[in-house]
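Here the structure comes first, spelled out in structure tokens, and everything after it is commentary.
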Amino acid sequence: MKIAVASDHRGYQVKAKILEQVAELGHEPLDYGPVSGESVDYPDFAAKVAQAVTTGAIDRGILICGTGMGMCIVANKFCGVRAVPCHDDLTAEMSRRHNDANVLCLSADLLGERLVSRMVEIWLTTEFEGGRHARRLEKIAMFEAQNGCPRPNP
Ligand SMILES: O=C(CO)[C@H](O)[C@H](O)COP(=O)(O)O
């Protein structure tokens, strides 16, 4: 999969580690910035990744800021994005199994390096279960369509 990773200044170092891990797991890592640890505005970087999910330019995104929350708020403004703020193994797993999450939002300030690495691996290897969960995602897509988003391809 093509996996874009972006952060703000607080997530800059975590981003570098995640990019390495994504490559080690056999995916194509794409660095969507920033290029240094200077203070930046998280909406700018969340938007780049979310827009790429919307257009299909990437398969999934990973966003890191201080808490993970600002990134998540921004990403979920974009059509077809299901961004989730995960904080442990279970939320990482369930966000894939039940929600088919396509953007993972992480906190640089609150999560340790080993936990982040485990969550990224879980999130990239866990499949969506479909079934009743697909019906629920279809309802989310319907709400998006009512608000101007195109219907996803079947
Ligand atoms: O967590 C964040 C957004 O959810 C940001 O990383 C945080 O708000 C940045 O704050 P500061 O400019 O004080 O470093």
Side-chain angles (χ1 to χ4, degrees), residues 1-25 27-126 128 133 136-137 139-141 143-144 146-150 152:
M1 291 189 286
K2 285 186 179 181
I3 313 288
V5 187
S7 71
D8 71 354
H9 48 286
R10 288 188 186 254
Y12 181 67
Q13 289 178 355
V14 178
K15 171 169 70 77
K17 293 207 171 74
I18 291 178
L19 283 163
E20 279 174 23
Q21 187 185 2
V22 165
E24 282 163 17
L25 290 170
H27 299 288
E28 182 182 346
L30 299 162
D31 186 347
Y32 273 36
V35 295
S36 80
E38 306 252 310
S39 181
V40 292
D41 296 336
Y42 63 82
D44 298 334
F45 294 90
K48 280 173 70 175
V49 169
Q51 183 66 36
V53 169
T54 298
T55 63
I58 60 169
D59 297 295
R60 293 202 213 157
I62 301 177
L63 296 167
I64 314 107
C65 63
T67 61
M69 294 193 289
M71 289 291 199
C72 206
I73 291 168
V74 176
N76 278 316
K77 302 290 182 201
F78 288 75
C79 296
V81 170
R82 293 179 298 277
V84 284
C86 294
H87 47 81
D88 56 21
D89 294 5
L90 187 65
T91 48
E93 180 187 336
M94 297 309 286
S95 76
R96 290 290 314 137
R97 286 177 52 190
H98 284 200
N99 310 117
D100 198 16
N102 49 19
V103 175
L104 173 65
C105 302
L106 297 170
S107 163
D109 292 351
L110 305 172
L111 306 172
E113 191 177 324
R114 271 189 303 174
L115 176 57
V116 165
S117 163
R118 227 170 44 228
M119 289 168 64
V120 167
E121 178 161 4
I122 290 168
W123 194 74
L124 289 176
T125 55
T126 303
F128 177 50
H133 305 296
R136 292 158 188 166
L137 294 195
K139 291 187 177 183
I140 295 173
F143 294 137
E144 285 194 319
Q146 286 170 1
N147 284 286
C149 290

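Order of appearance sets the numbers: ligands from 1, and atoms from 1 within every ligand. Count residues from 1 along the sequence. The analysis underlying the following values was restricted to heavy atoms, covering all of them including side chains, and did not include hydrogens, waters or symmetry mates.
- Atom 6 (O) of ligand 1 has its closest protein heavy atom at D8 OD2, 2.5 Å.
- Rounding to the nearest 0.5 Å gives a distance of 9.0 Å between CG of L25 and CE of M1.
- Closest approach of C65 to D8, counting heavy atoms only: CA-OD1, 3.4 Å.
- Ranking protein heavy atoms by distance to atom 8 (O) of ligand 1, first place goes to Y42 CE2, 4.4 Å.
- At the shortest separation from atom 4 (O) of ligand 1 among protein heavy atoms lies G70 N, 2.8 Å.
- In terms of protein heavy atoms, atom 13 (O) of ligand 1 is closest to R10 NH2, 3.2 Å.
- At the top of the distance list for atom 12 (O) of ligand 1, counting protein heavy atoms only, stands H9 NE2, 3.5 Å.
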Only distances under 3.5 Å count here; give the side-chain donor-acceptor pairs of residues 98-114 to other protein atoms, sequence neighbours excluded, each with its distance to 0.1 Å.
unit_1, atom_1, unit_2, atom_2, d
H98, NE2, H133, NE2, 3.3
D100, OD1, R96, NH1, 2.8
D100, OD1, R96, NH2, 3.4
D100, OD2, R82, NH2, 3.3
N102, OD1, R82, N, 2.7
N102, ND2, G80, O, 2.9
S107, OG, G66, O, 2.6
S107, OG, D109, N, 3.2
S107, OG, L110, N, 2.9
D109, OD2, R10, NH1, 3.0

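- For ligand 1, the atoms closer than 4.0 angstrom to any heavy atom of G66 are 1 (O), 2 (C), 5 (C), 6 (O).
- Put simply, OH on Y32 and CD1 on I58 are 5.0 Å apart, with the number rounded to the nearest 0.5 Å.
- With ligand atoms numbered from 1 in the order given, ligand 1 contributes 1 (O), 4 (O) to contacts under 4.0 Å with heavy atoms of T67.
- In this structure, the side chains of V84 and M94 stay at 4.5 Å or more apart for every pair of heavy atoms.
- Proximity of a side-chain donor or acceptor of T126 to a complementary backbone N or O of W123 within less than 3.5 Å is not detected.
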